[in-house]
Amino acid sequence: MTTIDDLPNIDPEHFKAPSGWALFDSTPSAHRPRILLLYGSLRERSFSRLVVEEAARLLEAMGAEPRIFNPRGLPLADAEEDSHLKVQELRQLAEWSEGMVWCSPERHGAMTGIMKTQMDWIPLSIGGMRPTQGKTLAVMQVCGGSQSFNAVNQLRVLGRWMRMITIPNQSSVPKAFTEFDDNDRMLPSPFYNRIVDVMEELVKFTLLTRDRSDYLTDRYSERVESADEVSKRVNQRSM
């Protein structure tokens with residue numbers, strides 16, 4: 001059996017073997033799961049917004065506390081100081097949340113610039129730590145034509161980069177303009193049912209992980225480095 005003595009590159013002071021006892025040694029939170037929902041279009045009748053609104057209704061019915069961020073007025077990343085009111089609103093919501101829903105239209109085979117701008121304003125680190133790490137994420141997209149998964153695939157890459165727990169399920173709504181009635185409510189369909197599935201899974205994963213996110217994201221490499229060293233490495237102004 002391998003022991004720490006057989007690992008000469010390991011710093012014994014910071015080496016911790018994962019423990020099931022430590023993983024479940026937490027008191028469950030009593031408040032409703034806090035879910036931030038982001039969408040990626042500024043159109044007056046934005047179908048990514050309409051999907052997010054349907055998702056928020058479902059989340060509330062499932063016992064969560066959803067909040068939707070309106071990206072109108074959010075400047076391009078680095079075009080304004082981070083003291084900008086919309087930037088501060090987004091960052092405060094990101095910090096408040098325990099899970100997120102991202103829904104983007106697919107444009108030119110990719111997520112929209114509106115969607116990416118919101119991600120770019122959420123800082124990778126504050127004092128060496130990523131404010132999104134350990135939080136759950138559900139990804140969805142709307143399509144103007146046939147069903148595609150380019151946007152959700154890109155959103156998954158972003159979620160991984162931001163150290164989020166992206167749930168397995170996802171939603172892609174083709175020909176989204178045919179899926180809503182005159183009151184902007186989604187019509188019954190397998191696509192609606194999939195959104196129900198995604199929100200249900202998101203709430204389950206959030207309940208499972210939110211009280212354990214600190215333990216799940218505790219890393220040997222970051223225990224070895226000091227917080228100051230991590231901050232200097234992650235926040236390189238020259239990048």
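None of the values given here were measured: they were computed from a predicted structure.
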Is there side-chain contact between [X] and [Y], with at least one heavy-atom pair below 4.5 Å?
X    : Y    : value
I122 : M162 : yes
M119 : W102 : yes
Q170 : F149 : yes
L38  : M115 : yes

Solution key, residues 69-76 side-chain donor-acceptor pairs under 3.5 Å, sequence neighbours excluded:
from: N70; atom 1: OD1; to: Y39; atom 2: OH; distance (Å): 3.3
from: N70; atom 1: OD1; to: R72; atom 2: N; distance (Å): 3.0
from: R72; atom 1: NH2; to: L42; atom 2: O; distance (Å): 2.4

From CG (D218) to CD (Q133), nearest 0.5 Å: 9.5 Å

Can you tell me how far OG of S104 sits from NZ of K116, rounded to the nearest 0.5 angstrom? 12.0 Å

Sequence neighbours excluded, which residues qualify as side chain to side chain contact (heavy atoms under 4.5 Å, CB included) partners of R67? E65, L93, W96

Who are the side chain to side chain contact (heavy atoms under 4.5 Å, CB included) partners of Q154, not counting sequence neighbours? A110, M111

Applying side chain to side chain donor-acceptor pair (under 3.5 Å) to D78 and not counting sequence neighbours gives none

Residues at least two apart in sequence or cross-chain that pass side chain to side chain donor-acceptor pair (under 3.5 Å) with R212, listed by chain then number, are none

Is it true that L158 and V101 fall in one hydrophobic cluster, defined by side-chain heavy atoms closer than 4.5 Å? no

With a cut-off of 3.5 Å and sequence neighbours excluded, list every side-chain donor-acceptor pair involving residues 137-147.
from: Q141; atom 1: OE1; to: A151; atom 2: N; distance (Å): 3.0
from: Q141; atom 1: OE1; to: V152; atom 2: N; distance (Å): 3.0
from: Q141; atom 1: NE2; to: E106; atom 2: OE1; distance (Å): 2.9
from: Q141; atom 1: NE2; to: S148; atom 2: O; distance (Å): 3.1
from: Q147; atom 1: NE2; to: S172; atom 2: O; distance (Å): 2.8

Do E98 side-chain atoms and R34 backbone N/O form a donor-acceptor pair below 3.5 Å? yes

Test: R57 and E54 ion pair at under 4.0 Å: yes

Under the salt bridge (Lys or Arg N to Asp or Glu O under 4.0 Å) test, residues paired with [X] that sit two or more places apart:
X    : value
R160 : none
D184 : R45
R156 : none

Return a table of donor-acceptor pairs under 3.5 angstrom between the side chains of residues 198-206 and protein atoms on other chains or two or more places apart.
from: E201; atom 1: OE2; to: N169; atom 2: N; distance (Å): 2.9
from: T206; atom 1: OG1; to: T136; atom 2: OG1; distance (Å): 2.6
from: T206; atom 1: OG1; to: L202; atom 2: O; distance (Å): 2.7

Give me each pair satisfying side-chain hydrogen bond (donor to acceptor under 3.5 Å, both in side chains) with a member in residues 12-29, each pair once, sequence neighbours excluded. S29-D211

Can you list every ring pair (Phe, Tyr, Trp, His ring centres under 6.0 Å) pair that touches residues 44-64, not counting sequence neighbours? F47-F180

Atom CG of L85 with >12 non-hydrogen neighbours under 6.0 angstrom: no

Using a 6.0 Å cut-off, check whether atom CD of E60 has over 12 heavy atoms from anything other than its own residue. no

Please find the pair of heavy atoms, one from V51 and one from C103, that lie closest to each other, and give the distance. CG1-SG, 3.9 Å

